[in-house]
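Just so it is clear, the model here is predicted, and its values are computed rather than measured. Starting from 1, each residue takes its place in the sequence as its number.
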Amino acid sequence: MYNVDDIRADFPVFSKKQGKKPFVYLDTAASAQKPQCVIDKICEIYQTTYANVHRGLYDMAERVTSYYEEARIVIQNFIHAKSASEIVFTRNATESINLVASSWALNNLSLNDEVLISEAEHHANLVCWQIVAQKTGAKLKIFKINDDGTYNEEEFEKCLNPKVKLVAVTAMSNVLGTVFPVKEIIRAAHLVGAKVLIDACQSIVHQKADVQDLDCDFLAFSGHKLYGPTGIGVLYAKSDILNDMPPYQTGGDMVDKVTYQKTTYAPAPARFEAGTPAFVQAIGLAQAIKYVLSLGFDDIQAHESSLISYFNEQASLLKGFKIIGTAPDKGSVMAFDFCSIHPQDLAFVLSHEGVAIRIGHHCAEPLVNRMGYSSICRASFGLYTTKSDIDAFFSALQKAKHFF
């Protein structure tokens, strides 16, 4: 049985209070809280097994190197990659996408080629393609979504043609919660010869990922949204593509042989992990993934689905409350407007009631503008969120309404 109270006990942050009120955290889409086992694993490495990875022949160096490479295997199995060598550790999903832009796109795109993205992309999956277009002469094309935030297949197919060399799309919108049919998108893109990059930052937390089944060429996600540490991200890429890409950064540990005249590079993934990697964070991420898997993705999804239904029920009872983005089967990301109260004012009152939400354009300013706003509020759930949290949220909204 999925016992959310027992699960919350694994997260030390929920023992705190906001004054006399329980702490209600509805900002998991921005960054998830960390279970004690992840905190303990990070502390364990720093306290008992800290040494730089690779090349050290003493006991601690060999052990921590083993833990680091085992973390790569944990992630390989988590997303069902063919090989651990297809897993590159980065700082976050943003760096993963920028790595593809700098190392693959700048070397494979040219004048009249096209990159296709959706209106629902995070800045991390938009701005880098603008720069690539400026540098290569390629064109950036953007396919529209529907007014309710749903995926528009007709618009996607209208924009897809043999000139498109890369489709880069989110699997789940961080603003609207819309789940994109990425498997169908990948299949269609491959038919015209395009590569596909999936931004899985939001989806990886709520849905199983199988890169072999999806047949995506690239997939990126961040550790801190997956109940792991900050400063660690993952880029998956198919082996043949990855080994054909030049280094993104240079330095130690990414080389094969160096002379004053010439340098040859290590095979992937080492060639993309220049310098001392965030190995403690990678080990922490592996621990977070083990924790999530111990709870079971099916049970987590069932729990979060019940929260979405409950949230929608309560929202329908509150006059003036509008959910922005109403795609069916959306993820647990709820952008909203309430009585046209300015998001900053609303968040201020909710904070005083112990309720944490996110406001602004959520690093997706064109999307927020597309939906008719300059700034919006967002509540988001995680595996530790309860119906009591949602009750506290709506109770705080009532107080804000009375106040304003």
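- In summary, D213 and K208 do not engage in a salt bridge, as defined by a charged side-chain N under 4.0 Å from a carboxylate O.
- The ring of F338 has its center no closer than 6.0 angstrom to the ring center of F404.
- Annotation: cation-pi pair R271/Y265 absent, no NZ/CZ under 6.0 Å from the ring centroid and within 45° of its normal.
- With respect to R378 and D27, a salt bridge is recorded, a charged nitrogen being found less than 4.0 Å from a carboxylate O.
- Applying the side chain to side chain contact (heavy atoms under 4.5 Å, CB included) test to T264 and every residue at least two apart in sequence or in another chain returns D256, K257, K262.
- At distances below 3.5 Å, at least one donor-acceptor pair connects side-chain atoms of D148 with backbone N or O atoms of T150.
- Remark: H123 NE2 to C363 SG distance equals 6.0 Å, nearest 0.5 Å.
- Here the two rings, on F394 and F311, have centers that are under 6.0 Å apart.
- Going from atom NZ of K401 over to atom CG of L318 covers 6.0 Å, rounded to the nearest 0.5 Å.
- Checked for salt-bridge contact, K322 and D337 miss the test: no charged N lies under 4.0 Å from a carboxylate O.
- Using modelled atom types and a 3.5 Å distance limit, the side chains of Y384 and T28 yield a donor-acceptor pair.
- Centroid-to-centroid, the aromatic rings of F272 and Y248 stay 6.0 Å apart or farther.
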